[in-house]
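All heavy atoms count here, side chains included; hydrogens, waters and symmetry mates do not.
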Amino acid sequence: MGRTVVIAEKPSVGRDIARVLGCQSSGRGCLTGGDWVVTWAVGHLVTLVEPDELDEKYKRWSFDTLPILPAEIPLKVIASSRDQFAVVRNLINAPETDRLICATDAGREGELIFRYIYEKAGCKKPFDRLWISSMTDEAIQEGFRAIRSGSDYDGLYRSAQCRSQADWLVGMNASRAFTLRYDALLSVGRVQTPTLAILVKRRKEIEDFKPEEYATVTADFGDYRGMYFREGLEPDTHIPKIDDAKALAAQIKGQTGTVISAETARRRDLPPQLYDLTSLQRDANRLLGFTADKTLKLAQSLYETRKALTYPRTDSRYLTSDMAESLPVLVNLVANAMPFRKGIAISCDAAQVINDKKVTDHHAVIPTRNLQNADLSGLPVGERMILELVALRLLCAVAEPHTYSETTVTVECAGAEFTAKGKTVKRPGWRALDTAYRSALKNAEPEAEDKALPELTEGQTLPLSGAAVKEGKTSPPKHFTEDTLLSAMETAGKENMPEDAERKGLGTPATRAGILEKLVSTG
């Protein structure tokens with residue numbers, strides 16, 4: 001058998017694969033050993049040409065040349081990585097090489113990186129695909145044992161190529177058209193411009209907002225406080241006229257209330273789902289103040305360098321059935337490594353997080369068993385915080401539901417009804433971990449909890465000890481944070497998409513952070 005060339009996406013990943021394959025000899029832009037050669041891209045080595053490289057006439061921006069719709073968009077080597085492209089091209093086309101393995105990141109962009117190199121190098125040799133979700137030695141070895149034909153991923157490549165060409169067609173044409181129309185250099189993109197439109201729409205809503213006065217009335221019955229709710233299609237605590245609120249407070253003064261209903265129901269808060277990249281970025285923004293881009297970079301480092309996280313650029317929140325058996329061991333290991341779970345019993349219901357049908361290219365982001373070898377205190381602060389957040393989510397997702405009884409009491413007083421809700425925790429379940437984690441975070445606000453209500457029975461009378469009127473003004477919509485903007489991108493246009501659409505919203509988990517950074521950097 002001849003030589004096999006493995007192409008990784010980055011040098012660091014190439015070195016990990018080379019170590020597992022026993023390639024210890026250094027060559028120019030590669031590592032070799034036995035019949036194996038491991039080489040790498042440095043991100044994208046090949047890209048689509050610019051319009052003026054298609055035809056000289058496109059050098060001058062003019063409405064006469066728009067739209068630019070070539071029958072095909074040729075590829076070019078990126079100037080800054082010309083040397084490494086030459087290394088990869090020579091290795092894959094060499095006569096002694098009879099097998100290739102694509103080992104770029106196991107996702108749509110990784111597929112595109114390899115295929116564009118393969119196409120630009122004019123290579124026709126068969127290739128296989130290494131598809132792994134974690135960078136531990138065991139995962140790499142297992143990946144090589146389960147290697148598949150590269151043609152199995154042709155659909156993924158077509159999808160990646162379609163995205164790449166759509167970005168080119170929209171970006172090149174729209175940027176030129178808007179720049180010429182408004183006589184200012186304007187960058188327009190297939191994802192960035194709709195995202196900008198979401199921000200502009202929200203800003204306009206805030207600027208056009210006219211605050212309205214309102215008041216609320218609270219009745220104090222000693223051990224119990226009830227809020228007045230106006231009747232209507234949707235019960236509302238806001239009384240539009242402040243004089244009406246003051247009149248209501250005067251009307252009930254010195255009166256007695258009668259309990260007209262007191263209902264208690266058992267409730268369950270199910271555990272949260274595991275993280276995909278977007279939900280991880282949202283929580284990291286809300287709880288830790290990290291930007292989406294920072295979270296992605298930290299998670300990528302934990303995946304590539306520390307081998308402590310699985311592949312982060314995923315849009316799935318479930319695990320596959322083949323992981324069920326080993327999950328309790330991983331959960332135990334993660335629990336023992338996490339300082340915030342001290343004294344909290346750990347359970348593991350794997351069925352809550354296993355769903356083969358809801359796993360696309362990759363399963364949810366979870367810690368790896370490498371966690372037991374990692375010195376958490378020695379990690380950079382940002383990486384440790386992201387790892388703890390992902391660990392918390394795994395422990396919560398397999399824990400028991402949070403069960404409580406919720407009491408809703410309505411008291412009638414001088415013809416007006418006042419309602420309150422109270423809560424008594426029966427089993428803390430997954431919320432015990434969540435609360436312990438938030439307590440350990442100095443800046444995180446604890447979640448507001450309803451207090452328990454006293455035992456009240458229907459028909460019981462309660463003396464009123466006071467009534468409070470609180471005045472306020474309606475608030476405009478809030479400016480977006482990265483958390484809420486990521487959510488808006490994820491759900492944009494969902495109602496207009498068919499049920500079986502593979503991807504919905506703007507961008508993908510892997511690209512949203514970059515889009516936000518681009519909007520900031522281009523002003």
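In this view, R176 satisfies the side-chain hydrogen bond (donor to acceptor under 3.5 Å, both in side chains) rule with no residue, not counting sequence neighbours. Listed by chain and number, the residues in a ring pair (Phe, Tyr, Trp, His ring centres under 6.0 Å) with Y318 amount to none (sequence neighbours excluded). Under the side-chain hydrogen bond (donor to acceptor under 3.5 Å, both in side chains) criterion, S134 pairs with T136, sequence neighbours left out. Under the rule for a salt bridge (charged side-chain N to carboxylate O under 4.0 Å, His left out), the partners of R427 that lie at least two apart in sequence or sit in another chain are E400. Partners of T216 under the side-chain hydrogen bond (donor to acceptor under 3.5 Å, both in side chains) rule, at least two apart in sequence or in another chain, do not exist in this structure.
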Please set out all donor-acceptor pairs under 3.5 angstrom arising from side-chain atoms of residues 275-283, sequence neighbours excluded.
unit_1 : atom_1 : unit_2 : atom_2 : d
Y275   : OH     : D283   : OD2    : 2.7
D276   : OD1    : T278   : N      : 3.4
D276   : OD1    : S279   : N      : 2.9
D276   : OD1    : S279   : OG     : 2.6
T278   : OG1    : R512   : NH1    : 2.8
S279   : OG     : D276   : N      : 3.1
S279   : OG     : D276   : O      : 3.2
Q281   : NE2    : A292   : O      : 3.1
R282   : NE     : D483   : O      : 3.2
R282   : NE     : D483   : OD1    : 2.6
R282   : NH2    : D483   : OD1    : 3.2
D283   : OD1    : R286   : NH2    : 2.7
D283   : OD2    : R393   : NH2    : 3.1

Pairs of donor and acceptor atoms involving the side chains of residues 467-480, under 3.5 Å and at least two apart or interchain, shall be tabulated with distances.
unit_1 : atom_1 : unit_2 : atom_2 : d
T474   : OG1    : E212   : N      : 2.8
T474   : OG1    : E212   : O      : 3.4

Exercise answer: donor-acceptor pairs, residues 239-264 side-chain atoms, under 3.5 Å, sequence neighbours excluded:
unit_1 : atom_1 : unit_2 : atom_2 : d
Q251   : NE2    : A414   : O      : 2.6
T264   : OG1    : T407   : OG1    : 3.1

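In this structure, CZ in R266 is found 6.0 Å from NZ in K426, a value given to the nearest 0.5 Å. A distance of 11.0 Å separates CG in L327 from CG in D322, rounded to the nearest 0.5 Å. Atom CG of residue L319 and atom CG of residue L394 lie 7.5 Å apart, to the nearest 0.5 angstrom.
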Check the pair T360, D315 against side chain to side chain donor-acceptor pair (under 3.5 Å), reporting the backbone distance first and the verdict last.
CA-CA 7 Å; T360 50; D315 59 0; 2.6 Å; yes

Report the C-alpha separation of L392 and R341 in whole Å, then their side-chain angles, then the decisive distance to 0.1 Å, and conclude whether the side-chain contact (heavy atoms from CB on, under 4.5 Å) test is met.
CA-CA 9 Å; L392 167 74; R341 66 79 36 162; over 6 Å; no

Working note: S487 + T484, criterion side chain to side chain donor-acceptor pair (under 3.5 Å); need CA distance, chi angles, decisive distance, verdict.
CA-CA 5 Å; S487 173; T484 56; over 6 Å; no

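Between L516 and M489, the closest side-chain pair of non-hydrogen atoms falls below 4.5 Å. Put simply, the side chain of I515 does not reach to within 4.5 Å of the side chain of L506, judged on heavy atoms.
Counted within 6.0 Å of CZ on R163, heavy atoms from surrounding residues, nucleotides or ligands total more than 12; the atom is thus considered enclosed. The number of heavy atoms from other shown groups lying within 6.0 Å of CG (D223) does not exceed 12. Within a 6.0 Å sphere centred on CD of E325, other residues, nucleotides and ligands contribute 12 heavy atoms or fewer. The environment of K297 atom NZ is sparse: at most 12 non-hydrogen atoms of other residues, nucleotides or ligands sit within 6.0 angstrom.
Legend: salt bridge (Lys or Arg N to Asp or Glu O under 4.0 Å) pairs involving residues 484-494, not counting sequence neighbours: none detected. Here ring-ring contact (aromatic ring centres under 6.0 Å, His included) pairs that include residues 170-215, with residues two or more places apart or in two chains, are Y214-H238. Sorted by first and then second residue, the ring-ring contact (aromatic ring centres under 6.0 Å, His included) pairs with a member in residues 292-315 read Y303-Y311, Y311-H362; sequence neighbours excluded. Every pair passing side-chain hydrogen bond (donor to acceptor under 3.5 Å, both in side chains) that includes a residue from residues 347-359 is listed here, sequence neighbours excluded: S321-D356.
Looking at E205 and R202, a side-chain N of the basic residue comes within less than 4.0 Å of a carboxylate O on the acidic one, giving a salt bridge.
The backbone N or O of G155 sits nowhere less than 3.5 Å from a side-chain atom of S159 that would complete a donor-acceptor pair.
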